[in-house]
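Please read all numbers here as calculations on a predicted model, not as lab measurements. Values below: all heavy atoms of this structure, side chains included; hydrogens, waters and symmetry mates excluded.
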Amino acid sequence: MGSHVTEPSAERLQQRAEQIRQAEELLGSLPQTIGLAKGLFAGRLIADWVFPYPQLSINQKADTDAAVAELEAFCDRNLDPVRIDREADIPRELIDGLGQFGLLGMTAPEEFGGRGYSQMAYCQLLEVIGSRCSSTAIFVNAHHSIGMRGLLLFGSDAQRRRWLPDLVSGKKLAAFALTEPDAGSDAANVQTMAVPTSDGQHFVLNGQKRYITNGSIADVLTVMARTPVAESDKTAITAFLVTPDMPGFQVTEPRMEKLGIRGTATSRLAFDNMRVPRENILGPIGKGLKVALTVLDFGRTTFGACCTGAAKTCLQLATEHAHRRRQFGRSLAEFELVQQKLVRMSAWTYAMEAMTTVTAGLIDRGLEDYMLETAMLKVWSTERLWTIVNDAFQIHGGAAYFTDQPLERMLRDHRINQIGEGANEVLMSFIALTGMRGPGLQMQAVSQSWKHPLRDAGLVCRFATDGARLRCCYPTVPLRSPELRRYGKQLGKQIRRFGATVQKTLVTHREEVLERQLVLERIAWMAMELFAAASTLSRWDSDLANNDRTHDAVARWCFADSHRRVEGGLRAMRCNDDDLLKLAANG
């Protein structure tokens, strides 16, 4: 058995320094508001980000409810997920119908032909699609949530007038081209190059992209490429609007065969000396990474909605089967191990919907810094959905394994969710490191302040006050229902303990925390469960305020589940088998 190496090599130290530099460059360009997620890492609850539970206005709700009913009727008539999976294609007539309904440009301004829907309302519509067909849900998400989102957020007036009307109506389709052989979850590692021509009027793109949803059917693509930084030997990522009629644009594989979501056109693309006009730059030159990450925030939010829809379908199928199927003289629903699965499915679906609504509400309020919340939503919902699909499959038994049942297709379709739009392992490290950045910078500043104790006395005093707060006080959770106050107290105490754990982790590991992925995973999961618990509690409080006790027992179990998981995470920070694992891995 080989010895375990504890000291990082010089090469690894250099890589770590480069990772820190890239992370600081990225995070420094983004808003740094302390919101719900970042507050948790500091042992605080930014309560107005989650309480009271977000609601559509009366007029918005009536309009959305009508649109949901209309979309459900349309899907009943036109959306055949079995055919889409079998033929590995989404029929053009379905796409045209969704365009005519308005779904392909639902959140776009009315001046471009959109319906101006809020993100919360749009998520309710995506939930309908997600409950029926993952291929169609991902197609819509790729077109509207990320494909044309850059135009909506960063496009110039001329760019939006040129492309948005046809994209909103569905006459033209959009795609988002980031992933490459060496760049996927590592978005900053894009290698496609875009070099300006001598007159500066064009950029010449060379490179390739892969796994691009809608890549071979899109009429407008947002493409990420590296551009030279003026008076420097460095490069930075820039976003370009590209059309397939540009000479040098190549579709090298129109439809990559794959396990699930077979209806989507997942493509390989190449650019061979492709000239792109300078006016097709989307957003500021060299700021493409910010464009990409902002766009992905919207995609991850609707990801949560699609997962919620799929979870509701699984729950319905499993519940119906468990009550209908009899074994050993009883229905399956009477057995405790089946009840465990059904309750877990119901509770996680309740929380998933609550987290999606809270996150969409942050976008609708015009807040800027919700990147951590969207990442948490994506990881939590996709991990929970995978278990929900598996539980529904297990309840159905052998019947689920055959192709005349929808769960066989759903099992294939939903495995991609933990990989797409950022692999969950990468996002968990991102969640933990981004969340700990604020407390880490504060501790670094305090450490440096000892060199000038009089000048920086205020900083030291604030740090000491925060430390005392983490030891003695816990945040108050503003709940309207008196019967939920004990749950609010439990949540507040866990947030305080989590903040203290983050601080202790930073003191213990310092820069080494970048390498402690097992620690980062625990930190991320505790933060996500606190987010889930807060969202669940907010929704439950809203239900009770409206005299709705339909989900009372489910919400109670859901909150207890998250609470138990956070407690387990806190214990595992002190007592774990990490050293044994690393010894075995290097043996």
### Task
Run the numbers on Val389 and Asp413 for side chain to side chain contact (heavy atoms under 4.5 Å, CB included), then give the verdict.
CA-CA 10 Å; Val389 173; Asp413 282 348; over 6 Å; no

#### Entry: side chain to side chain contact (heavy atoms under 4.5 Å, CB included) partners of Arg415, counting only residues at least two apart
Trp386, Gln418, Ile419

### Task
Applying salt bridge (charged side-chain N to carboxylate O under 4.0 Å, His left out), run through Lys582 and Asp578 and close with a yes or a no.
CA-CA 6 Å; Lys582 286 183 279 190; Asp578 291 359; 5.8 Å; no

### Summary
For residues 346-361, the salt bridge (Lys or Arg N to Asp or Glu O under 4.0 Å) pairs (sequence neighbours left out) are Lys312-Glu353, Glu353-Arg539

#### Entry: Side chain Thr319, main chain Gln316, donor-acceptor under 3.5 Å
no

### Query
Within a reach of under 6.0 Å around CD of Glu320, are more than 12 heavy atoms found that belong to other residues, nucleotides or ligands?
yes

### Task
Please assess Leu125 against Val68 for the test side chain to side chain contact (heavy atoms under 4.5 Å, CB included), listing each intermediate value before the final yes or no.
CA-CA 6 Å; Leu125 294 167; Val68 165; 3.8 Å; yes

### Summary
Here the salt bridge (Lys or Arg N to Asp or Glu O under 4.0 Å) pairs for residues 371-387, sequence neighbours left out, are Arg384-Glu529

### Residue pair Gly263 / Ser135: nearest heavy atoms and the distance that separates them
N-OG, 3.1 Å

### Query
Do Arg132 and Thr313 pass the side chain to side chain contact (heavy atoms under 4.5 Å, CB included) test, and can you show the C-alpha distance, the side-chain angles, and the key distance before you say yes or no?
CA-CA 8 Å; Arg132 295 166 182 260; Thr313 296; over 6 Å; no

#### Entry: The single option from Val477, Thr536, Leu484 passing side-chain contact (heavy atoms from CB on, under 4.5 Å) against Asp541
Leu484

#### Entry: Distance-minimising heavy-atom pair for Gly420 and Phe303
O-CE1, 4.2 Å

### Query
When rounded to the nearest 0.5 angstrom, what is the spacing between OG1 in Thr387 and CE in Met345?
10.5 Å

### Task
Keeping to residues at least two apart or across chains, list the salt bridge (Lys or Arg N to Asp or Glu O under 4.0 Å) pairs with something in residues 133-143.
none

### Summary
For Val291 and Met224 the tightest heavy-atom approach is CG1-CE, 4.2 Å

### Query
Would a 4.5 Å heavy-atom cut-off, applied to side chains only, mark Ile431 and Ile523 as touching?
no

### Task
Could you tell me whether the side chain of Leu544 reaches within less than 4.5 Å of the side chain of Asp552, counting heavy atoms only?
yes

### Query
Hey, does Phe139 have a side-chain heavy atom less than 4.5 Å from the side chain of Thr213?
no

### Query
For Tyr122, which residues count as a ring pair (Phe, Tyr, Trp, His ring centres under 6.0 Å) partner, sequence neighbours excluded?
His144

### Task
Report yes if some heavy atom in the side chain of Met428 is under 4.5 Å from a heavy atom in the side chain of Leu520; otherwise report no.
no

### Query
Mind checking what makes side chain to side chain contact (heavy atoms under 4.5 Å, CB included) contact with Asp364, not counting sequence neighbours?
Ser118, Gln119, Met120

### Message
Going by the rule side chain to side chain contact (heavy atoms under 4.5 Å, CB included), which residues pair with Ala311 if we only count those two or more places apart in sequence or in a different chain?
### Response
Thr349, Met352, Leu385, Ile388

### Task
Answer yes if the side chains of Glu521 and Gln517 hold a donor-acceptor pair under 3.5 Å, and no otherwise.
no

## Note on the structure
Taken to the nearest 0.5 Å, the spacing of Ile416 CD1 from Glu421 CD works out to 10.5 Å

### Message
Checking Val343 now: which residues fulfil side chain to side chain contact (heavy atoms under 4.5 Å, CB included) with it, not counting sequence neighbours?
### Response
Trp557

### Query
Can you check whether Arg497 reaches Tyr474 side chain to side chain, under 4.5 Å on heavy atoms?
no

### Query
Does a donor on one side chain and an acceptor on the other come within less than 3.5 Å for Asn546 and Tyr53?
no

### Summary
Nearest heavy-atom approach of Ala322 to Val338 is CB-CG1, 4.1 Å

### Task
Could you give me the CA-CA distance, side-chain angles and deciding distance for Thr107 and Phe298, then say whether side chain to side chain contact (heavy atoms under 4.5 Å, CB included) is met?
CA-CA 11 Å; Thr107 66; Phe298 285 79; over 6 Å; no

### Message
I want to check something: taking the side chain as every heavy atom from C-beta on, are Leu317 and Pro406 in contact at a cut-off of under 4.5 Å?
### Response
yes

### Side chain proximity check, Val358 to Pro54, heavy atoms < 4.5 angstrom
yes

### Query
What distance do Asn141 atom CG and Arg149 atom CZ have between them, rounded to the nearest 0.5 Å?
9.5 Å

### Message
Give me each pair satisfying salt bridge (Lys or Arg N to Asp or Glu O under 4.0 Å) with a member in residues 336-352, each pair once, sequence neighbours excluded.
### Response
Arg344-Asp391

### Summary
Residues Ala37 and Leu372: closest non-hydrogen pair is CB-CB, 3.6 Å

### Query
Would a distance-only check, ignoring hydrogens and angles, find a side-chain to backbone donor-acceptor pair under 3.5 Å from Thr374 to Met371?
yes

#### Entry: Listed partners of Trp540 passing ring pair (Phe, Tyr, Trp, His ring centres under 6.0 Å), at least two apart
Tyr487

### Task
Could you grab the distance from atom CH2 of Trp380 to atom OG of Ser535, nearest 0.5 Å is fine?
9.0 Å

#### Entry: Minimum side-chain heavy-atom gap Arg412-Lys258 below 4.5 Å
no

### Message
Checking Phe154 now: which residues fulfil ring pair (Phe, Tyr, Trp, His ring centres under 6.0 Å) with it, not counting sequence neighbours?
### Response
none

### Task
Would you please name every residue forming a ring pair (Phe, Tyr, Trp, His ring centres under 6.0 Å) with Phe498, sequence neighbours left out?
Phe41

### Task
For the pair Thr382 and Asn417, evaluate side-chain hydrogen bond (donor to acceptor under 3.5 Å, both in side chains) and give the outcome as yes or no after the intermediate values.
CA-CA 6 Å; Thr382 56; Asn417 293 341; over 6 Å; no

### Donor-acceptor pair, side chain of Ser538 and main chain of Val50, under 3.5 angstrom
yes

#### Entry: Closest approach of Cys133 to Thr136 (non-hydrogen atoms, all atoms of both residues)
SG-OG1, 3.2 Å

#### Entry: Asn189 side-chain N/O to Asp182 backbone N/O, donor-acceptor pair under 3.5 Å
yes

### Message
If I take atom CG from residue Leu178 and atom OH from residue Tyr211, how far apart are they, to the nearest 0.5 angstrom?
### Response
13.5 Å

### Summary
One should read off an interatomic distance between Ser346 OG and Leu315 CG, to the nearest 0.5 angstrom, of 5.0 Å

### Task
Verify side-chain hydrogen bond (donor to acceptor under 3.5 Å, both in side chains) between Gln494 and Glu567, making sure each step is shown before the conclusion.
CA-CA 8 Å; Gln494 276 198 330; Glu567 289 295 315; 2.9 Å; yes

